[in-house]
Amino acid sequence: MTQDAATTPGVTLAPSAAARVAAIAAKQSRPAVLRLAVEGGGCSGFQYKFEMGDAPEADDLVAETDGVRLLVDAMSLELIAGATVEYVESLGGAAFRVTNPQAASGCGCGSSFSV
């Protein structure tokens with residue numbers, strides 16, 4: 001999907017997330033591509049879904065950091081425009097985290113949100 005940066009905010013893949021995707025892809029002998037989608041559900045109404053991807057679909061936004069691509073479909077992009085995807089490690093574990101300026105509220109687990 002071609003995007004006009006002046007009118008449509010995209011999604012940013014932080015270097016920490018790019019490095020983690022690259023490591024996973026190398027172990028699985030796959031392309032370094034992460035797909036992020038938003039689905040209905042979770043404790044706040046919407047939830048983030050991450051999976052390793054292959055190639056972009058026709059309507060995908062493609063963001064790239066350090067040679068790693070993040071794919072977001074057009075429907076999901078409406079709910080997460082301007083977001084940043086990071087990989088964080090803490091005492092509670094390690095996970096991809098989305099900082100989403102569109103979210104009005106979130107849940108304690110950090111994987112669901114409402115708008």
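These numbers come from a predicted model, not from an experiment.
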**Report entry** Ala37 backbone acceptor or donor facing Ser76 side chain under 3.5 Å
**Finding:** no
Query - Contacts of Glu39 that satisfy salt bridge (Lys or Arg N to Asp or Glu O under 4.0 Å) - sequence neighbours left out - result: Lys49
Report task. Start with the C-alpha gap between Val11 and Thr84, add the side-chain angles, then the distance that decides, and say whether side chain to side chain contact (heavy atoms under 4.5 Å, CB included) holds. Result -> CA-CA 6 Å; Val11 178; Thr84 300; over 6 Å; no
Query raised in the report: Ala94 and Glu89: which non-hydrogen atoms are nearest, and at how many Å?
Result: CB-CG, 3.6 Å
Report task. Could you tell me whether the side chain of Leu71 reaches within less than 4.5 Å of the side chain of Leu34, counting heavy atoms only? Result -> no
Query raised in the report: Shared ILVMFWY cluster between Ile24 and Val98, side chains joined below 4.5 angstrom?
Result: yes
Requested in this report: Enumerate the residue pairs fulfilling side chain to side chain donor-acceptor pair (under 3.5 Å) with a member in residues 16-28, sequence neighbours excluded, ordered by first and then second residue.
Outcome: Arg20-Tyr87
Query raised in the report: Does Arg69 have any salt bridge (Lys or Arg N to Asp or Glu O under 4.0 Å) partners at least two apart in sequence or in another chain, and if so, which?
Result: none
Report summary line: The complete set of salt bridge (Lys or Arg N to Asp or Glu O under 4.0 Å) pairs with one or both residues in residues 71-88, sequence neighbours excluded, reads Glu86-Arg97
Requested in this report: Determine whether Val88 and Val68 fall in the same hydrophobic cluster, where Ile, Leu, Val, Met, Phe, Trp and Tyr are linked whenever their side-chain heavy atoms lie under 4.5 Å apart.
Outcome: no
Query raised in the report: Does Val33 reach the side chain of Val21, with side-chain heavy atoms less than 4.5 Å apart?
Result: no
Query - Pairs flagged by ring-ring contact (aromatic ring centres under 6.0 Å, His included) wherever residues 50-70 is involved - sequence neighbours left out - result: Phe50-Phe96
Query raised in the report: Is the backbone of Gln102 close enough, under 3.5 Å, to the side chain of Asn100 for a donor and an acceptor to pair up by distance?
Result: yes
Query raised in the report: Less than 4.5 Å apart, any side-chain heavy atom of Thr12 and any of Val85?
Result: no
**Report entry** Residues that Ala25 engages under side-chain contact (heavy atoms from CB on, under 4.5 Å), provided they are two or more places apart
**Finding:** Ala32, Met52
Report task. Please answer whether the main-chain N or O of Ala14 pairs with a side-chain N or O of Thr65 as donor and acceptor at a distance below 3.5 Å. Result -> no
Report summary line: The complete set of ring-ring contact (aromatic ring centres under 6.0 Å, His included) pairs with one or both residues in residues 16-36, sequence neighbours excluded, reads none
Query raised in the report: Below 4.5 Å, heavy atoms only, C-beta onward: do Arg35 and Asp60 meet side chain to side chain?
Result: yes
